[in-house]
Every structure is written in structure tokens, then in C-alpha cells.
Asks: 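Here it is, the structure, as C-alpha cells.
Numbered from 1 within each chain, the chains take letters A, B, ... in sequence-line order.
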There are 2 protein chains.
Amino acid sequence: MTIKVLVADDQSMVRAGFRMLLAQEPDIEVVGEASNGLEAIDKATRLGPSVILMDIRMPELDGLEATRRILALDDPPRILVLTTFDLDEYVYEALQAGASGFVLKDDPPEQLLAAIRTVASGEALLSPSVTKRVIREFTRIRRPTSPEGLDELTEREREVLALIADGRSNAEIADALFISETTVKTHVTHVLQKLDLRDRVQAVVLAYRSGLVEAD
Amino acid sequence: MTIKVLVADDQSMVRAGFRMLLAQEPDIEVVGEASNGLEAIDKATRLGPSVILMDIRMPELDGLEATRRILALDDPPRILVLTTFDLDEYVYEALQAGASGFVLKDDPPEQLLAAIRTVASGEALLSPSVTKRVIREFTRIRRPTSPEGLDELTEREREVLALIADGRSNAEIADALFISETTVKTHVTHVLQKLDLRDRVQAVVLAYRSGLVEAD
DNA sequence: TCCGAGCTCCTACTCAGGTACGAGGCGGCG
DNA sequence: CGCCGCCTCGTACCTGAGTAGGAGCTCGGA
């Protein structure tokens, strides 16, 4: 069973390059090309490829929107997104659009071939540098902020935290509690250390997320 | 510069297998083995490997905790987590613990070798099936925060505000949006001016109170 | 075609926030 | 009594945040 591939890129040189590269592989067949998003959708329906190599930046309709629409079809092909830069905001959008993979145009050819076979088999694959970014983002988000240390706080420290969560400056907190700003700083430092936070901004976030303060 | 590898797995057959496999490669040298987590930590400090192949299920101390402790060292090695099953909740924990990659024991050897070289170079790499899971989780969580209100703000400014409300620094926001820190500062200043706020702390408070972000 | 809005980026500056370290007073508890 | 946790305050220092002011880009509307 050969893998039928559709190449969607607005630069003909790029399309030609892929066609040549893929022609070497006995298990891969390029069934068509598209130079913009609309054409990609059209050919996706008519040619029935199993994998689409999709550039993001294209005229008429960009690769992201084309991806969304193609994946809305019955029995859609897998989409492998191509891009020139790895530092590209579109990575996230592409993944959310449902792309099965993301490779850079200057990744080594073997990697591209491996990626095509991988997504054709239903798995997903990202370029290493992209993977790194996704993991960083993933672990950053998926850290359940535990109210763990909240009960470690002393009465005074909780008081200070509540005022921080109200958006007040150290001077204002000092004023409210009738203590010096220095003392406030001391309390703040202790709160941050106990809760393992970096700055008061994160303290506010934690205060709301932990329910220590109500949104309303 | 050869890549120094430490193999940590409680099954000696597995260790022997890796040793044989890696012995074939001129650029990779196995500098030691460990059969449990504590031993892994010890040898990580004494042998100074650049990559550790770490099994998760090990006696004494499991691979996750060992990973956390090793990454707390000065100039720690990269950790490539090994597992038998891809359907493993440990994937998330491993990534959160700071592992640079995740491969299955029955992945093809070339893939393991590629993974070792990739993580040694500072990038990250996951097995395709693992990548698939991570992407699914990633896209599920990372919903764009809904607008509603704050109409004064431009799209970009709202985006920046949402990230501020997540507790991120300007540098982190720049990183997430692929723009310079300078530009982030510009956006922040505009947000504060438009909303008549003093600093980002008040912006967070407003974001939660206005329901722009959910507490949960 | 010109104009403005929006996004991007820069330098240079000020200041609040945070850390490190030290220190004194208070009250409870073994 | 002596120790210890808590609260208080200070000085010194460093960095991130925010402001000011200017500039170039693209795109869509007048």
C-alpha cells in the first residue's frame, strides 16, 4: 500500500524539490500539487491523498484554515505542516487545527520521509526543536498549582497575601497594616519562598486559583 | 566529542542490550549502569554523563524522583526516559519532572540512537505515539481565552493581558508570542493605560474579577 | 494615494519589588 | 531559664517592570 501524498506550497521550486525527493521512495507517491489553500482543499477531496504536506504561508487561503476545513471532511487525510522557521507562532495554531505533525523545511530529508511514514500510520511527529517548545509550554501549563504551602503561612503572611491579591503596592500594604514597608517586604519574601513563587504577580494568580480570594 | 551515556534500568538484560547496541556507535560511549534510582543519582554525579537513559519502574527510588533530583544538580545531564508501555500516565509526570525525551523500549534502534543524539544536542524528542498523546492533551488544555468586555484593547493586547494573568514575566510572554521583550513592554504599557491600571499586578486582579480568565 | 491603526523594535531612564543579612522585642513552651 | 517562632525594622544591592520617545512595517479605508 503506497502512501499517496499531496504537496501544497505556493513556491513551485519547493514543490518540485519535494516531488523529486519523494519520487525516490517506492512506497510514496505524489498524487498532486496545490499552490494555495483553496486548491489544496479541492485536490484533497478529488485525489484522495493519505497525507498532505502543507505549507502555512500561502495566498488565497492559508494552510491553517485549509487544514481545518480539510479535517472537517469525511475520512480526512493526515496533515503534515511545513514551515521555514521553527520559532513560529503558528506551531500552536497548527496543532490546534489538528495537524498530525510539524516539520521544518530544512530538516534532513530522512527526517521528512520518516515524518510522512509516521503520520501516515496514524501517529504524530514534531521536529525536535518544535517538540522542545511544545513540551516547555505543556509542562508550564499543566502544573497544578497546589495550595500545599498555604497553611504554612502565618497569620500575618496570609494577611499580606490577601492585600497583594487586591493589587496593592508594598507601600500601600504597609500603610494598611501600620507597619514599615521594609517589614512588608520581609513578609512578601517569606510568602513567595513558602509558596515557591517568583513574584507577587504569581501570588495573585495563586490566590485566585486556590480560592483564597473570590473573583466576583 | 563523544556522548557519555549512563544506563539506568533494573533489568540487567535490558542494560546489556543497550550496552551492546550503543557499543556499535563511535560517537556514543556507555560510561556506566545503574540498577535503581539511588544508584543513578550517585553515578550521575560521579561519572558526569551527558545523557541518562532512565527507566521509570525501578526499586529503591523510581525514575521520576531520580530525574527530579538529578536535574536539581549543577549542570545536570539530559534525561531520556524509557518505558515499556506508551499508554502510561507517567509520560506527563516525566515531562513535568524535566525529562528531555520519552522513548519506548520497543521503538526501532535507529530511533533510540536518534533520540540520544537529539537530546544530547539540547533538543527534545518523543516517540511518535507519545507525541500524539501530548499533542492531544496540549490542544485540549490550551483553549484561547475568550474575549468579552475590555473592548478598548486590541487583539494582541488582550493576548498579552491573558498571559500576564497567568503570572508570566515579560520575557516569558515574549517567548510565547515570538516577539521581543521590548514589544511586550509596549503592549503592556498600552494595556495599563487603556484600563487605567498602575501595574501588571492590578491587571491580574482585573482579569480575574472581570472574568476574563477563570479561577477554577 | 495618502493616512491611521496596529504591530513590531530600539535606547535610555527611573523606580518598585525582591533578596541577603543582620538585629531587637515578644510570648510560649519544654 | 533558654530556645524558638513570629513580627518588627534597617541597609545595601540587583533586576524586572514601566515610561518616554522615536521609528519602520503592513494593511485597509477614505
Side-chain angles (χ1 to χ4, degrees), chain A residues 10 36-37 56-62 64-65 84-85 87-90 92-93 140 149-207, chain B residues 144 147 150-207:
Chain A
D10 60 332
N36 66 58
I56 288 189
R57 295 162 204 262
M58 286 193 292
E60 300 295 330
L61 192 71
D62 68 40
L64 295 174
E65 188 55 32
T84 308
F85 314 103
L87 297 179
D88 201 318
E89 188 175 352
Y90 297 138
Y92 306 128
E93 274 194 74
R140 217 199 54 68
L150 268 186
D151 34 77
E152 289 185 17
L153 300 184
T154 67
E155 190 53 37
R156 205 52 160 172
E157 287 163 354
R158 249 192 298 275
E159 231 172 325
V160 171
L161 176 54
L163 292 171
I164 289 176
D166 194 43
R168 306 203 205 189
S169 68
N170 287 336
E172 288 168 342
I173 295 173
D175 207 41
L177 298 181
F178 303 99
I179 57 181
S180 78
E181 187 176 342
T182 307
T183 305
V184 175
K185 285 188 175 186
T186 304
H187 289 314
V188 171
T189 296
H190 290 158
V191 169
L192 298 182
Q193 282 171 350
K194 287 183 180 177
L195 300 181
D196 192 28
L197 301 172
R198 184 179 51 201
D199 54 36
R200 69 205 291 111
V201 181
Q202 295 194 337
V204 176
V205 175
L206 177 89
Chain B
L150 295 316
D151 338 314
E152 297 262 320
L153 303 183
T154 67
E155 189 54 37
R156 204 53 159 170
E157 287 163 355
R158 253 192 298 277
E159 228 171 327
V160 170
L161 175 55
L163 292 171
I164 290 175
D166 195 43
R168 308 204 207 187
S169 69
N170 287 337
E172 287 169 339
I173 294 173
D175 204 43
L177 298 181
F178 302 97
I179 57 181
S180 78
E181 188 176 342
T182 308
T183 304
V184 174
K185 286 188 174 188
T186 304
H187 289 314
V188 171
T189 296
H190 290 159
V191 168
L192 297 182
Q193 283 171 349
K194 287 184 181 177
L195 300 180
D196 192 29
L197 302 171
R198 183 179 51 200
D199 54 35
R200 67 203 295 111
V201 182
Q202 296 195 338
V204 177
V205 175
L206 181 129

Asks: Are any side-chain N or O atoms of A:Gln202 and backbone N or O atoms of B:Gly167, one a donor and one an acceptor, separated by less than 3.5 Å?
Replies: yes
Asks: Could you please name the option among C:dG17, C:dC7, D:dA20 that lies closest to any side-chain atom of A:Ser169?
Replies: C:dG17
Asks: Nearest nucleotide by nearest heavy atom, which residue falls closer to the 5' end of DNA chain C, B:Glu157 or B:Glu181?
Replies: B:Glu157
Asks: By nearest nucleotide on DNA chain C, pick out whichever of B:Ser180 and A:Val201 is the more 5' one.
Replies: B:Ser180
Asks: Starting at atom NE2 of B:His187, determine the distance to atom P of C:dA5, rounded to an integer number of angstrom.
Replies: 16 Å
Asks: Heavy atoms, side chains only, cut-off 4.5 Å: are B:Glu159 and B:Leu163 in contact?
Replies: no
Asks: Quick one: is B:Asn170 getting a side-chain N or O under 4.0 Å of the D:dA17 phosphate, OP1 or OP2?
Replies: yes
Asks: Specify the separation, in whole Å, of atom CZ of B:Arg168 and atom C1' of D:dA17.
Replies: 18 Å
Asks: Expressed in angstrom and rounded to an integer, what is the separation of A:Lys185 atom NZ from D:dC13 atom P?
Replies: 14 Å
Asks: Kindly point out which of D:dT11, C:dT19, D:dA20 is positioned nearest to the side chain of A:Thr189?
Replies: C:dT19
Asks: Between P on D:dC27 and CD on B:Glu155, what's the gap in Å once rounded to a whole number?
Replies: 18 Å
Asks: Please check if any side-chain donor atom of B:Ser180 sits under 3.5 Å from a side-chain acceptor atom of B:Thr183, or the reverse.
Replies: yes
Asks: To the nearest Å, give me how far apart CG (A:Leu197) and P (C:dG18) are.
Replies: 10 Å
Asks: Taking B:Arg168's backbone N and O only, do any of them form a donor-acceptor pair with B:Asp166's side chain (distance below 3.5 Å, no angle check)?
Replies: no
Asks: At under 4.0 Å, does any side-chain N or O of B:Thr154 touch on OP1 or OP2 of C:dA5?
Replies: no
Asks: Evaluate the criterion side-chain contact (heavy atoms from CB on, under 4.5 Å) for residue pair B:Val160 and B:Leu153; output intermediate values, then yes/no.
Replies: CA-CA 10 Å; B:Val160 170; B:Leu153 303 183; over 6 Å; no
Asks: Just N and O in the side chain of A:Arg198: are any of them under 4.0 Å from OP1 or OP2 of C:dG18?
Replies: no
Asks: If you compare every side-chain N and O of B:Arg156 against the phosphate oxygens of C:dT8 (OP1, OP2), does one of them come in below 4.0 Å?
Replies: yes
Asks: Take the protein atom NE2 of A:His190 and the nucleotide atom P of D:dT8, then report the distance between them rounded to whole Å.
Replies: 12 Å
Asks: Can you tell me the distance, in whole Å, between the CG atom of B:Asp199 and the C1' atom of C:dG17?
Replies: 10 Å
Asks: Take the protein atom CZ of B:Arg200 and the nucleotide atom C1' of D:dA17, then report the distance between them rounded to whole Å.
Replies: 7 Å
